[in-house]
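Since the structure comes first, as structure tokens, the remarks are kept for the end.
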Amino acid sequence: LSDARARAAFREQIDGLLEGGADLIVLETFSDLEQLLLAVDEARALGPKSVLMSALFQRGSLHYWRSEYAAAEARLAEAFALATETGDGFTALMTLMLTGISQVNLGRVAEGRKNLLEGVALARRNGESFWLVRLLGQVAWLHRELRTRGSTHAEEAGLGALQLALFEEVAETNLVQPTYIVDYPV
């Protein structure tokens, strides 16, 4: 299927759904990233924020599951902004969770933990038990990973302390002397 034909098909489908009064269009189950990117482009061109939000979330999720964490973080940040703007709490919580896990996998533990805890607070505030359980599970996973690496202060640690602990317990012992660390990956 050529790019032009795929774009035309996506445009026709999105137009038909919007004309039919769809409030939300979900782009999912794409196994071909290039086709998903084409669908995102068409969603952007057509303008509805809910369509774009869904497309960005799906694209970010696909990057996440492919362990392309930097790309996932970028798309999920866009999806989170649109979810916040449109009041879609469900998508906002999904994006906070996947963004947080992506950041942890990129070595930015404190930033990832902050997003996970922001999601926990948002889920509690909105009575969203479905995502609350999942977000708490991810926070517990992070603390468990730190304890596995010998951290003695995983539970009470602040953001900076968690980042320092993970660095000291994972990277520092593997450094070749002399090594100058001028900043942590933030």
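With values rounded to the nearest 0.5 angstrom, L17 atom CG is found 10.5 Å from E12 atom CD. Once rounded to the nearest 0.5 Å, the distance linking CE of M53 with CD of Q58 reads 10.5 Å. The line from CD of E42 to CG of D15 is 9.0 Å long, rounded to the nearest 0.5 Å. Note that the CZ atom of R125 and the CG atom of L132 stand 12.0 Å from one another [nearest 0.5 Å].
Between A6 and L38, the shortest heavy-atom distance links the atoms CB-CD1, 3.9 Å. Nearest heavy atoms, L93 versus A123: CD2-N, 3.8 Å. In terms of heavy atoms, L36 sits closest to R59 at CD2-CA, 3.4 Å. Counting all heavy atoms, side chain and backbone alike, R66 lies closest to L33 at NH1-CB, 3.2 Å. Counting all heavy atoms, side chain and backbone alike, A72 lies closest to S102 at CB-OG, 3.9 Å. Nearest heavy atom pair, residue A83 against residue A92, reads CB-N, 3.7 Å.
Aromatic ring centres of F57 and F80: separated by at least 6.0 Å.
For the side-chain contact (heavy atoms from CB on, under 4.5 Å) with Q138, the lone residue among L96, L98, L116 that qualifies is L116.
Contact of the L76 side chain with the L56 side chain is not registered, since no non-hydrogen atoms from C-beta on lie closer than 4.5 Å. V104 has its side chain out of reach of R113: every pair of non-hydrogen atoms, C-beta onward, lies at least 4.5 Å apart. At least one side-chain heavy atom of E128 sits less than 4.5 Å from a side-chain heavy atom of W131. Taking 4.5 Å as the limit, every side-chain heavy atom of V109 sits out of range of all side-chain heavy atoms of E145. For the pair Q103/T99, a side-chain contact is recorded, criterion being any heavy-atom separation below 4.5 Å from C-beta on. Side-chain atoms of D3 and E34, non-hydrogen and from C-beta on, never get closer than 4.5 Å to each other.
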For this session: Apply side chain to side chain contact (heavy atoms under 4.5 Å, CB included) to W141 and R144, showing your working.
Result: CA-CA 5 Å; W141 162 79; R144 191 171 48 252; 3.6 Å; yes

For this session: I would like to know whether N115 and E73 meet side chain to side chain contact (heavy atoms under 4.5 Å, CB included); could you show each step before the answer?
Result: CA-CA 11 Å; N115 275 308; E73 181 183 16; 6.0 Å; no

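Under a 3.5 Å cut-off, the side chain of T91 and the backbone N or O of D88 do not form any donor-acceptor pair.
Between E68 and R75, no side-chain nitrogen of the basic residue sits less than 4.0 Å from a carboxylate oxygen of the acidic one, so the salt-bridge criterion is not met. Taking a cutoff of 4.0 Å between a charged side-chain nitrogen and a carboxylate oxygen, K114 and E111 do not qualify as a salt bridge.
Residues M97 and F130 fall within the same hydrophobic cluster, defined by Ile, Leu, Val, Met, Phe, Trp and Tyr side chains chained together at heavy-atom separations under 4.5 Å. Connection of V139 to V133 is not established within any shared hydrophobic cluster, with ILVMFWY side chains joined at heavy-atom distances below 4.5 Å, either directly or through further cluster members.
Aromatic ring pairs are classed by plane angle as parallel below 30°, tilted from 30° to 60° and perpendicular above 60°; the pair Y64 and Y69 is perpendicular.
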